[in-house]
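Computed from a predicted structure; not experimentally measured. The sequence lines fix the lettering, A, B, ..., with proteins before strands; numbering per chain opens at 1.
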Amino acid sequence: MDIIRENKYMWKVEKFKNMKVPVYVLTDSQTIRSQEYHEAIMQLVNVATLPGIVKGSFGMPDIHWGYGFPIGGVAAFDADSGIISPGGVGFDINCGVRIMTTSLEFSEIKDYIDEILTRVYNEIPVGVGSRTNFKLSVKEMKKILNNGVYWAINNNYGLAEDLYNIEDSGKIKYADADFVSDEAIKRGADELGTLGSGNHFIEIQIVEKVFEKENAERYGLFEGQIVYMIHSGSRGLGHQVATDYIKIFRDNLKDWNKKIPDKQLINAPFKSKYGQEYFSAMNAAANFAFVNRQIMGHKIRNIFKDLFDVESKLLYDITHNIAKLEKHNVDGEEKDLIVHRKGATRAFPDQIVLIPGSMGSSSYILLGTEKSMSIAFGSSAHGAGRVLGRRQAKRRLNYKNVLNSMKEKKIKIISKSKNTIVEEAPEVYKDVDSVVDIIEKIGISRKIAKLTPVGVVKG
DNA sequence: ATGTGC
């Protein structure tokens, strides 16, 4: 397999064998040859063989191996002749990031970080299997799955204005709860407003640096400001939807999937019965995830209101695990496409892009660009990308050292699991600053603000 | 990511 240089930050694998389009990887010359890239690029090659794929099989700078499709991959399929695949979305449907801003400066809250973290930890269930102590009825769950954040606003979990600041207003219209299994609904019924574990987090952060003053001001951002970020998804409900439809496709679309180069790329024609049913269920799970982050954001907003008498503003909430029906210009022709972004963020012109770091490392607020539309269907990266697997992390790092380095950086942390701390330590990820620098140099997003954590809640 | 592994 030859990887050729297309330009300074774009690499190409020409079509060979059954590939319908080339592979394009957006990154610099240092990372392109690394081991974790090699596996991911092989997966992008496999994706390039799938029916109806348009233009290219794209890798963002943070790509690494995932189920079927790599994490950090973007692939768009013709809505009429193409496919939809659960592996191209990921198990955590609508895993995403929410950022909320306050009018506070760090100096005003620096003595209260522990108190904020303790209250967040006490009021929001975190960790593996985190549950609320109430169970929603099936009827209520279906309302949530169909109406997304509109349900939350109607039930006093937030302000009406929040709807303007969520991707798709927190409600994807193609959702249909009738295609979500009883089992998935059951799993979700006591998981609404819970963080989960792994790379999910709640952080209190400082705006460390503003890059574009005018744009920062437009969004009410200033250096020294306190903001908070939530990184979470659709919990067990989304996981169950993915599991259910992978099985449904296996049971019912055996012939259709005969030629896929990897079993994990199992898919359905988008316009088919099974394709549409997965699309409806996936969007229902996406709405659940929007509400999940809405409820956590609302609770933290109330904690800040109670402690400091300030109102927080939802700046933006974005997903980085989803397949979306979008119109894009391909070779001068407007086409309806089903754009799979798995560990990739939509980055339309002038739209907020959020890139979360991990524990000790920084997070970023960026803006999408016109140029991103002409590269990978208006997409950008979603994080730093792992360099160490969970097992490797446990072998090379230990809990005390990770905590000490957090302490040296003056970052407070509350966590449910020692394992998670080691598995999600900053050292386990690529340097987020360099990933962000690359996406800015490529031109798919522009930096608006860099955020540094002062307090972290982990599962 | 996940009531963490078929």
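The residues A/Asp437 and A/Lys447 are annotated as salt-bridged, a charged nitrogen and a carboxylate oxygen being separated by less than 4.0 angstrom.
Below 30°, between 30° and 60°, or above 60°: for A/His64 and A/His382 the angle between ring planes is below 30°, a parallel geometry. A/Phe58 and A/Tyr24 have parallel rings, their planes meeting at less than 30° on a 0 to 90° scale where 60° marks the start of perpendicular. Classified by interplanar angle (parallel below 30°, tilted 30° to 60°, perpendicular above 60°), the ring pair A/His340/A/Phe69 is parallel.
Contacts between residues 124-140 of chain A and DNA chain B, defined by a heavy-atom separation under 4.0 Å, are made by A/Val128, A/Arg131. Residues of residues 232-250 of chain A that place a heavy atom closer than 4.0 Å to DNA chain B, in numerical order, are A/Arg235, A/Gly236, A/His239. Within residues 414-428 of chain A, the residues that have a heavy atom under 4.0 Å from DNA chain B are, in order of number, A/Glu424.
Qualifying ring-ring contact (aromatic ring centres under 6.0 Å, His included) partners for A/Phe270, counting only residues two or more places apart in sequence or in other chains: A/Phe279.
The side-chain hydrogen bond (donor to acceptor under 3.5 Å, both in side chains) contacts involving residues 139-151 of chain A comprise A/Glu140-A/Trp151, A/Lys142-A/Asp178, where partners must be two or more places apart or lie in separate chains. Listed by first and then second residue, the side-chain hydrogen bond (donor to acceptor under 3.5 Å, both in side chains) pairs that reach into residues 256-268 of chain A are A/Trp256-A/Asn267, A/Asn257-A/Asn267, sequence neighbours excluded.
Whole-Å rounding puts the A/Arg390 CZ to B/dT4 C1' distance at 9 Å. Residue A/Lys186 contributes atom NZ, which lies 15 Å from atom C1' of B/dT2 at whole-angstrom precision. Straight-line distance from the NZ atom of A/Lys263 to the C1' atom of B/dC6: 14 Å, rounded to whole Å.
Contact check for A/Pro453 versus A/Met229: no side-chain heavy atoms found under the 4.5 Å cut-off.
For the residue pair A/Met406 and A/Gly360, the shortest heavy atom distance occurs at SD-N, 3.7 Å.
Checking A/Tyr364 against A/Ser445 by side-chain atom types alone, no donor-acceptor pair falls below 3.5 Å.
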